[in-house]
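These notes are about the structure you will find just below.
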Amino acid sequence: MPVVVVESPAKAKTINKYLGSDYTVLASYGHVRDLPPKDGSVDTDDDFAMTWEVGNDSRKHVKAIADALKDDNELILATDPDREGEAISWHLEEALRKRRAVKKDTPVSRVVFNAITKSAVTEAMQNPRQVDTDLVEAYLARRALDYLVGFKLSPVLWRKLPGARSAGRVQSVCLRLIVEREMEIEAFNPQEYWSVKAMLATPRGQEYEARLTVLGGDKLDKFSITNETQAELAVQAINSRDLTITSVEAKPGSRNPSAPFMTSTLQQEASRKFGMGARQCMNAAQRLYEAGYITYMRTDGIDMAPEAITAAREEIATRYGAEYVPDSPRIYKNKAKNAQEAHECIRPTDMSVDAGQLAKLEADQRKLYDLIWKRTLACQMAGARLERTTVDIGSDDQQVGLRATGQVVMFDGFMRVYEEGRDDVASGDEDDKRLPQVMQGEKADKRSVSPEQHFTQPPPRYTEATLVKKMEELGIGRPSTYASVLGTIQEREYVRKDKNRLFPEDKGRIVTIFLLNFFRKYVGYDFTAQLEEQLDDVSAGERDYKSVLERFWRDFGAAIAETTELRITEVLDVLDDALAPQLYPPREDGTDPRVCPKCGNGQLHLKTSRTGGFVGCGNYPECTYTRPIAGEGAEGEEKLLGTDGEDEIWLKDGRYGPYVQRGEATPENKKPKRSSLPQTRHGGWPKAETTLEQALKLLSLPRNVGDHPDGGKMSVMEGRYGPYIKWEKVNATLPKDVEPKDITVEQAVELVNEKAAKKPGRKKAAAKTTAKKPAAKKTTAKKATAKATTKKAPAKKAAPKKTAAKDADA
């Protein structure tokens with residue numbers, strides 16, 4: 001039986017079902033070899049010779065394939081139909097030849113299929129070929145480049161920027177996009193402008209909204225009305241005049257569907273509609289592909305196989321009617337720069353199967369399949385027919401003019417199934433409003449006229465969807481790399497994702513500014529895009545991959561050598577100057593922004609630590625002022641709340657969140673008293689709203705409330721989740737309406753007894769113990785625990801402890 005090798009066990013199982021018992025189908029479990037993570041794996045002095053190593057996890061899989069070849073001397077490589085898949089096939093053949101499992105007379109062939117269906121697999125097996133050398137060399141070039149950047153540039157970062165973890169050929173450029181967008185946002189100065197809207201009514205009483213477009217006979221633009229006074233004058237101008245419909249214009253329009261999915265657009269839509277990260281999206285798509293539900297999910301192509309188009313048109317007619325099928329099929333042109341690496345679009349393998357028929361799938365997979373199915377059907381449906389109406393309203397003296405716009409869908413077409421999501425849509429889009437019937441010459445009654453203040457907005461932070469779109473526009477990265485790149489910059493803690501938006505961490509800023517100052521060429525958008533094009537040329541057989549490596553290394557190696565002699569202080573001075581506009585913006589009071597606001601005479605400087613960059617006072621250790629590089633007032637800056645007697649009360653940030661502190665650390669008082677801010681969802685307050693009074697309350701804890709009737713002190717403590725009473729191993733949360741400073745002994749006893757009654761082994765005893773009758777019964781919660789313990793196996797003794805610890809954290 002010929003041995004067929006695919007990449008994953010899931011795919012092996014599906015293909016084995018199609019091929020039957022005449023074949024042995026095994027999985028390689030991804031890449032079987034890689035460059036060892038040490039210097040010298042790519043030898044720049046020996047024509048870029050590359051040393052490969054079979055991974056520990058892969059050895060058993062290679063052995064299984066080698067053992068299978070002992071029984072049948074034929075190897076069929078059926079890995080994924082892209083450059084990575086071609087590389088895995090090459091690695092497998094090389095590794096098996098080294099083991100002598102593949103001999104000179106062993107037939108080795110390569111088959112590819114774009115979908116894991118019986119027909120696709122059967123057809124592929126009938127059309128074998130050899131491993132594509134051009135695609136393999138394109139892989140070798142990319143892997144060598146990524147290695148050279150990672151293993152030559154990352155150590156420079158480690159030595160010069162403590163806390164920096166790595167750099168990458170594509171990841172560093174991607175990070176630059178996020179950092180520069182954040183700097184744009186911080187430098188943005190909002191501009192005020194006003195608009196005026198009127199609620200009007202037809203003579204029949206139907207209301208509609210119109211916006212002011214002409215004032216004083218002049219056409220208005222976005223910034224014509226700049227302040228409230230001008231806006232109020234505009235309102236008066238409208239109110240003092242009668243208005244008439246001067247024109248009504250209805251124009252037919254149409255909308256056509258979006259092209260079917262390729263990798264980048266699928267990631268974008270999954271992010272917009274479901275908040276899926278690129279990696280999450282690709283994992284779900286991978287499982288759908290391996291199960292045979294969709295075509296291959298890493299592609300630049302948007303063309304669709306003729307039989308798939310026919311199937312889609314038939315399904316549209318069956319489900320929605322003949323009027324939803326256009327007269328001729330829609331043909332989408334392939335946008336891939338390198339057709340050799342392009343595949344068909346991402347589509348269902350069976351157009352008749354919708355998500356409702358795949359209830360067994362996991363939620364992510366079902367949602368993604370539904371998205372792909374709808375987009376694929378929609379791309380072959382008739383366009384939507386619309387009617388866009390524009391109504392102009394004016395005064396007789398032509399001093400005032402307003403406009404109302406609306407849109408009516410006459411035939412929904414593809415919109416019945418699917419509409420593409422949009423990124424960062426501006427508010428106030430009036431096209432989707434429907435207007436009542438109005439006629440030229442009739443009066444427009446004024447129901448209300450209102451001014452509205454606006455401010456220009458900074459560019460929005462990237463989502464994973466908009467970042468992938470931007471990378472695609474710039475030609476940075478390729479479909480197979482987007483997910484891993486976005487995942488890496490988050491795992492390295494250079495970027496964090498919050499509410500689907502990407503924020504650069506201080507560490508990411510420092511790395512980016514360092515690279516822009518010392519390796520600007522290699523984080524350049526044009527340079528990176530040109531390098532991608534050269535690699536595409538390699539895969540098309542139009543360029544030698546070693547010449548690409550040689551040209552890159554000649555300059556890059558020299559840049560690395562130039563930075564090895566730099567001292568950390570020199571690097572920080574350069575970064576300090578480069579970041580000065582962001583680090584030290586002008587202060588409102590006109591004082592020098594580089595003077596320490598705490599000691600009043602030290603100069604602020606950029607410093608680095610294992611956790612990233614920060615700004616600190618040059619008078620350290622006498623002055624311990626620090627703040628994040630995002631600027632004064634940013635999250636993470638320490639703040640003086642006030643004084644209590646001779647003590648200064650500070651608000652600071654620590655590893656476990658914000659806290660307040662009494663005084664500063666000194667040789668005599670190395671650990672000044674501090675208390676964490678309670679979390680907002682547990683009755684706390686935002687850090688920015690912390691007052692001196694609140695800080696003093698927190699610092700007054702723990703407070704001894706008194707003794708419990710059964711012995712032991714009760715104290716009010718402050719925890720991450722708010723104030724609580726601690727008695728022995730019981731922790732009872734204070735109700736929100738009880739202040740820690742006001743709680744009485746009786747209230748405290750009642751709270752701890754209620755909590756103790758809920759604990760294993762304490763229920764009966766604690767329920768009988770009250771503050772009013774301390775001597776009535778001496779069966780304490782502690783004794784009840786002991787009593788309960790004698791009835792249980794020794795292994796159960798730890799249960800109350802575990803519960804108490806959990807409650808303490810709470």
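Scanning for ring pair (Phe, Tyr, Trp, His ring centres under 6.0 Å) contacts around Tyr525 gives an empty result, with sequence neighbours left out. With sequence neighbours left out, the ring pair (Phe, Tyr, Trp, His ring centres under 6.0 Å) criterion links Tyr418 to no other residue. Every residue two or more places apart in sequence or in another chain that forms a side chain to side chain contact (heavy atoms under 4.5 Å, CB included) with Thr265 is listed here: Phe261, Met262, Arg375.
Applying the 6.0 Å contact sphere to CD of Glu307 captures more than 12 heavy atoms from other residues, nucleotides or ligands. Around CG of Asp498, the count of heavy atoms belonging to other residues, nucleotides or ligands within 6.0 Å exceeds 12. Counted within 6.0 Å of NZ on Lys367, heavy atoms from surrounding residues, nucleotides or ligands total more than 12; the atom is thus considered enclosed. Counting non-hydrogen atoms of neighbouring residues, nucleotides and ligands closer than 6.0 angstrom, the CD atom of Glu123 reaches no more than 12 such neighbours.
The minimum heavy-atom distance linking Ile372 with Thr376 is given by the pair O-OG1, 2.6 Å. Nearest heavy atom pair, residue Asp72 against residue Val3, reads O-CG2, 4.3 Å. The minimum heavy-atom distance between Arg110 and Gly85, with the atom names listed, is NH2-C, 3.7 Å. Nearest heavy atom pair, residue Ala270 against residue Leu371, reads N-CD2, 4.0 Å. Arg204 and Val438 make their closest contact through NH2-CA, 4.2 Å (heavy atoms, listed as atom of the first residue, atom of the second, distance). Heavy atoms only, all atoms of each residue included: Ala378 and Phe414 are closest at O-CB, 3.6 Å.
Taking 4.0 Å as the cut-off between side-chain N and carboxylate O, Asp370 and Lys374 count as a salt-bridged pair. Electrostatic pairing of Arg403 and Glu249 does not count as a salt bridge here, judged by no charged N lying under 4.0 Å from a carboxylate O. In summary, Arg319 and Asp354 engage in a salt bridge, as defined by a charged side-chain N under 4.0 Å from a carboxylate O.
Thr466 places no side-chain N or O within 3.5 Å of a backbone atom of Tyr462 that could act as its donor or acceptor partner. For Arg255 (side chain) and Ala384 (main-chain N/O), no donor-acceptor pair under 3.5 Å exists by modelled atom type. Between the side chain of Thr318 and the backbone N or O of Glu314, at least one donor-acceptor pair lies under 3.5 Å. A donor-acceptor distance shorter than 3.5 angstrom exists from the side chain of Thr295 to the backbone of Cys345, with no hydrogens or angles considered. For the pair Ser264 (side chain) and Asp300 (backbone), a donor-acceptor distance under 3.5 Å is absent. With Thr349 contributing its side chain and Tyr293 its backbone, the two residues share a donor-acceptor pair below 3.5 Å. A side-chain donor-acceptor contact under 3.5 Å links Arg181 to the backbone of Pro460.
For the pair Arg416 and Tyr320, the cation-pi test (distance below 6.0 Å, angle within 45°) is failed.
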Stepwise, does the side chain to side chain contact (heavy atoms under 4.5 Å, CB included) test hold for Leu145 with Leu535? CA-CA 10 Å; Leu145 285 170; Leu535 294 170; 4.0 Å; yes

Go through the steps to decide whether Glu86 and Arg83 satisfy the test salt bridge (charged side-chain N to carboxylate O under 4.0 Å, His left out), and finish with yes or no. CA-CA 5 Å; Glu86 208 71 22; Arg83 184 178 53 246; over 6 Å; no

Go through Trp90 and Glu94 one step at a time and tell me if the side chain to side chain contact (heavy atoms under 4.5 Å, CB included) criterion holds. CA-CA 6 Å; Trp90 174 78; Glu94 292 285 304; 3.7 Å; yes

Output, in order, the C-alpha distance, side-chain angles, deciding distance and verdict of side chain to side chain contact (heavy atoms under 4.5 Å, CB included) for Leu531 and Arg169. CA-CA 10 Å; Leu531 195 54; Arg169 184 177 62 85; 3.8 Å; yes

Assess the residue pair Leu177 and Lys470 against the criterion (side chain to side chain contact (heavy atoms under 4.5 Å, CB included)); give the C-alpha distance rounded to whole Å, side-chain angles, the decisive distance to 0.1 Å, and a yes or no. CA-CA 9 Å; Leu177 282 168; Lys470 184 66 175 178; 4.1 Å; yes

What verdict does the salt bridge (charged side-chain N to carboxylate O under 4.0 Å, His left out) test give for Glu84 and Arg298, after you've listed the backbone C-alpha separation in whole Å, the side-chain angles of each residue and the deciding distance to 0.1 Å? CA-CA 10 Å; Glu84 292 294 310; Arg298 290 190 180 91; over 6 Å; no

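The CG atom of Leu26 sits 10.0 Å away from the CG atom of Asp67 when rounded to the nearest 0.5 Å. Here OG1 of Thr14 is found 11.0 Å from CG of Leu19. Values are rounded to the nearest 0.5 Å. Asp303 CG to Glu344 CD: the interatomic distance, rounded to the nearest 0.5 Å, is 6.5 Å. Annotation: the span from Glu323 atom CD to Asp412 atom CG amounts to 9.0 Å, rounded to 0.5 Å. We find the CG-CD1 distance between Asp80 and Ile88 to be 6.5 Å, quoted to the nearest 0.5 Å. Rounded to the nearest 0.5 Å, atoms CG (Leu368) and NZ (Lys273) are 12.0 Å apart.
Side chains of Ser484 and Thr481: a donor-acceptor N/O pair is absent below 3.5 angstrom, by distance only. Using modelled atom types, one finds a donor on one side chain and an acceptor on the other under 3.5 Å when comparing Ser8 with Glu290. A donor-acceptor contact closer than 3.5 angstrom is absent between the side chains of Gln380 and Arg330. Between the side chains of Glu420 and Ser258, a donor-acceptor pair is found at a separation under 3.5 Å.
Here the side chains of Arg142 and Glu532 are in contact, with some heavy-atom distance below 4.5 Å. Two residues are said to be in side-chain contact when any heavy atoms from C-beta on lie closer than 4.5 Å; Val170 and Arg478 fail this criterion. With a 4.5 Å cut-off on side-chain heavy atoms, Pro348 and Met351 count as touching. Side chains of Phe113 and Ile116 form a contact here, defined as non-hydrogen atoms less than 4.5 Å apart. Between Tyr23 and Met125 the shortest side-chain heavy-atom distance falls below 4.5 Å. Looking only at side-chain heavy atoms (C-beta outward), Ile331 and Ile309 come within less than 4.5 Å of each other. Taking the side chain as every heavy atom from C-beta outward, Glu137 and Arg543 never approach each other to under 4.5 Å. Residues Val538 and Gln534 fail the side-chain proximity criterion, which asks for heavy atoms closer than 4.5 Å.
Exactly one residue among Gln490, Arg501, Gln268, Arg279 makes a side chain to side chain donor-acceptor pair (under 3.5 Å) with Glu464. That residue is Gln490.
Between Tyr296 and Tyr289, the ring planes lie perpendicular to each other; the angle is over 60°, past the 30° to 60° tilted range. Note on ring orientation: taking the six-membered ring where Trp is involved, the planes of His31 and Tyr139 are parallel (angle under 30°, cut-offs 30° and 60°).
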